[in-house]
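Take a look at the structure below.
Each chain gets a letter, A, B and so on, in the order its sequence line appears, and its residues count up from 1.
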Amino acid sequence: MAIRVLIAKPGLDGHDRGALVIAQGLRDAGMEVIYTGIRQTPKQIVAAAIQEDVACIGLSSLSGAHMNSFLEVARLLREQNAENILLIGGGVIPDEDVATLKGAGVSEVFLPGSTIASIAKYIEENVKTRDLSFDIGGCTVKGVHHVGVLVNNIDDILPFYLQTLVFHVVADEQLTEHGVRSVILAANDSLVELIEPIHSASSAAKQLASRGPGVHHIAYEVEDLEACLARLTQLGMRLVDSAPRVGAQGHLVAFVHPKSTGGALTELVQTKRGETDAR
Amino acid sequence: MGEGQGRPLKLTGEGLIQDGERETTEISKPSGIPTKRVYEPQDGVLAEEYERRLGRPGEFPFTRGVKKSMYRGKLWTMRQYAGYGSAEQTNKRFRYLLSAGQTGLSVAFDLPTQIGYDASHPMSNGEVGKVGVSVSSLLDMEALFHEIPLDEVSTSMTINAPAAILLAMYLVVAEKQTVPWDKVAGTVQNDILKEYVARGTYIFPPEPSMRLTVDVMEFCRRHVPRWNTISISGYHMREAGATAVQELAFTLADAIAYVRAAQKRGLEVDEFAPRLSFFFNAHNDFFEEIAKFRAARRMWAHIMRDQFGAKDERSMQLRFHTQTAGSTLTAAQPENNVVRVTMQALSAVLGGTQSLHTNAFDEALALPTEESARTALRTQQIIAYETHVADTVDPLAGSYYLESLTDSLEREASRYLAEIDAMGGAVAAISSGYMQREIHRAAYEAQRRIDAQEQVVVGVNRFAAVSEAPSHNLLQVDPNLQASCTKRLSDLRRNRDEAVVNECLSSLRAAANGTDNLMPSIIAAVRAYATIGEMCDALRDVFGEYHPSVF
């Protein structure tokens, strides 16, 4: 997937030769580039970056206002929890300012004389690709979604997660179809699901009786669950669920049998549209 | 010195041009003009063509210069662009430059001033006093020219969208020094068209902006006869990436648009054209730059005489200011920039410039310090007083190569002019983004050539130093300046007569809604200490603001 970059001119400076040349150069290097035009406030730049879902912001200033505008963009990114956006800058910037900028959220500063190739390379090597997706033959797997842990009593173990590990509760549901209570806990990007059987006929209850509490399953987020199940069937894998079911938080889920996965119960999750980023 | 001692010296020949390499390879230049290995008499100007193609110095078509005696009569004006921080600080720098032998002032305003915001406006955050001096009201202008006699110096002001307002402030300061307006000399840049193309300090849309430009021309013709009402600038387009040919063509295209606009107002060509002046860039390609200046003079003379029917020779004489090319300065090994500036300045002098700004070597890093600004001025003085290049007029005339190059530049630029004319002129070519796209393409190509090492930048992509010298002392602008300017503004608002200010601003608004020349209402508002932000806001109310499409 092409890296999306926002090239922006903060402040009143109208010298946009550099910004335009970099924008074109990064496009030619295969990136998707949005150029804001001149006279943008830091607020407008951060809003555009979030709205356009870019992986990198490149700021250009030749008027000496960089200590003001670059630092304000960095501050706003922190404030909006968007620090994962790589922030770089360039222009007429004295060495001692470069050091300050780099200590305050600007990852790199490119001075006159930098080549487009060096800037493109830096971006490629340093953007945080939030989307760790890989393709398993027509079905995109986006990465680990959560780990499920089977317990005797959720309320007994909650203090460990909430106080010692500082997770917070995202959902607490009775999944009658699965015969369990499910509590989803989150800390930053990590999710853990605690599972407690609510009636003795459930498979979770049987497993608890035979193997005791512990790690229950690992769940991967997929883009299209039906396509994934079709692909796994095609590969001859044994599925617990041959069709998607509704699981915790209303997401579509299906389990793959441990026999096909080296002993680890594996869940596939297709999140409800638009909720991936809010998790 | 000590660092390299004891280390064995290795001669790798890296970066050097190989024997014979330049004999066979084609020399390609951004302008697209090819260079032959050698030029011969038939490439130059034959004796029988002399009068028609060159003319004697001071005679049509002025290829050799606008004055008969050129620098034998008077050296070019050494006019260093300066300004930073507060009006008081810049006043100090001005007085220093005048005492160091500078012969004219050139004011750099900060971006809020250039875009018509008071220093206290939120859009001014971080920009106050940065690229020039902050001027919000007459109070600042008084401080800026404190104890500088305005009947003795000429002052050039790089101001465009609010040029009428800053000129009004200058005239009111002269008034307070009891200097009559007909003794006041100087220039306002007042060239809005190139702001849309390259420099970016526009406020209003093209049509009302052109009206303000012509208002200044009309007003000065009557009241400030020694004032150059516009400095039609190729400089910034060149900085934005234009080739020499584009710089020449687009500048003349803009000039033609201004002449047409003034004619439409009912002004006679010979009434205003003698006060039009130009501003060009002196870039790295030494001979091409000299040829550009000479071609510009010849083209303008023909345009004014043949296209606009000018009768007064002064209307046909292209007088210009030159600045060395800031974009050629490197942040690496900054002392090399002194040499670049020297060569560029020499091309401007050999091209017959009327005034010159030489850049300071540290401008790729920050605004110049007093020390680097002095070296820049000294560079001009060494050219003027030590090298003898100014002893004879147009010393390179008749060079087979230079005359051939002058013809090529004229031919290529004329091609662009015809194209722009077919589009409906400069305003149309700018509105459609044509000039912007052409310049951007050239800029991108220049960067590609540098990155691919097809174009050499010494100290950057060839002969780069392994270890960089520590950076020099750089100029710091007081970060609290915005706060002190804001306080000065609130003090001003307490002390001035608000009723008079409001009345002046409503008359300005009313005048803007009509068709009268705006200068008298602007001067009245300036006298009442209305601020630049207040005056521009009044005009914004009527004219609206310009929002460019991104080309």
Handout entry: Exercise: identify the closest heavy-atom pair between B:His440 and A:Leu20
Key = CE1-O, 3.4 Å
Exercise for the section: Under 4.5 Å, counting heavy-atom pairs only, tell me which of A:Asn68, A:Ile22, A:Leu62 racks up the most with chain B. Expected result: A:Asn68
Handout entry: Smallest separation among heavy atoms of A:Arg17 and B:Ala443, with atom names
Key = NE-CB, 3.8 Å
Practice task
Can you tell which part of A:Thr41 gets under 4.5 Å to a heavy atom of chain B, answering side chain, backbone, both or neither?
Solution key: side chain
Exercise for the section: Compare every heavy atom of B:Gln447 with every heavy atom of A:Thr115, then report the nearest pair and how far apart it is. Expected result: CA-NE2, 4.4 Å
Problem - From OG1 (B:Thr201) to CG (A:Asp13), nearest 0.5 Å - result: 10.5 Å
Problem - Min side-chain heavy-atom separation A:Leu12-B:Pro112 under 4.5 Å - result: yes
Practice task
Let me know if B:Val457 has heavy atoms under 4.5 Å from chain A in its side chain, its backbone, both or neither.
Solution key: neither
Practice task
Please check if atom CD in A:Glu79 has more than 12 non-hydrogen atoms from other residues, nucleotides or ligands closer than 6.0 Å.
Solution key: yes
Practice task
For atom CD of A:Glu226, decide whether the heavy atoms of other residues, nucleotides or ligands shown that lie under 6.0 angstrom number more than 12.
Solution key: no
Handout entry: Region of B:Glu363 in contact with chain A, defined by heavy-atom distances below 4.5 Å
Key = backbone
Exercise for the section: Considering non-hydrogen atoms only, spot the tightest contact between A:Ala65 and B:Gly126 and give its length. Expected result: CB-O, 3.3 Å
Problem - Part of A:Ile116 lying under 4.5 Å from any heavy atom of chain B - result: both
Completion exercise
Looking only at B:Pro122, B:Ser124, B:Gly241, most heavy-atom pairs under 4.5 Å shared with chain A are made by B:Gly241
Exercise for the section: Report yes or no: is the cationic atom of A:Arg39 (NZ for Lys, CZ for Arg) closer than 6.0 Å to the six-membered ring centre of B:Tyr202, at no more than 45° off its axis? Expected result: yes
Practice task
Take B:His236 and A:His15, measure what side-chain contact (heavy atoms from CB on, under 4.5 Å) needs, and give me the verdict at the end.
Solution key: CA-CA 9 Å; B:His236 317 89; A:His15 295 96; 5.8 Å; no
Exercise for the section: Heavy-atom distances under 4.5 Å only: say whether B:Ala198 touches chain A with side chain, backbone, both or neither. Expected result: backbone
Exercise for the section: Against chain B, work out which of A:Ser118, A:Ser63, A:Pro94, A:Gly113 has the most heavy-atom pairs shorter than 4.5 Å and name it. Expected result: A:Ser63
Exercise for the section: Flag the one option from B:Ile450, B:Ile115, B:Val128 with the top tally of heavy-atom pairs under 4.5 Å to chain A. Expected result: B:Ile115
Fill in the blank from the handout: Heaviest contributor of heavy-atom pairs below 4.5 Å to chain B, chosen from A:Ser69, A:Gly25, A:Ser114, is A:Gly25
Practice task
Flag the one option from B:Glu195, B:Met123, B:Arg448 with the top tally of heavy-atom pairs under 4.5 Å to chain A.
Solution key: B:Met123
Handout entry: Atom group of B:Glu239 that falls short of 4.5 Å from chain A, counting heavy atoms
Key = backbone
Practice task
Please check if atom CZ in B:Arg441 has more than 12 non-hydrogen atoms from other residues, nucleotides or ligands closer than 6.0 Å.
Solution key: no
Exercise for the section: Name the option with the most non-hydrogen atom pairs under 4.5 Å to chain A; the candidates are B:Glu127, B:Lys130, B:Gln114. Expected result: B:Glu127
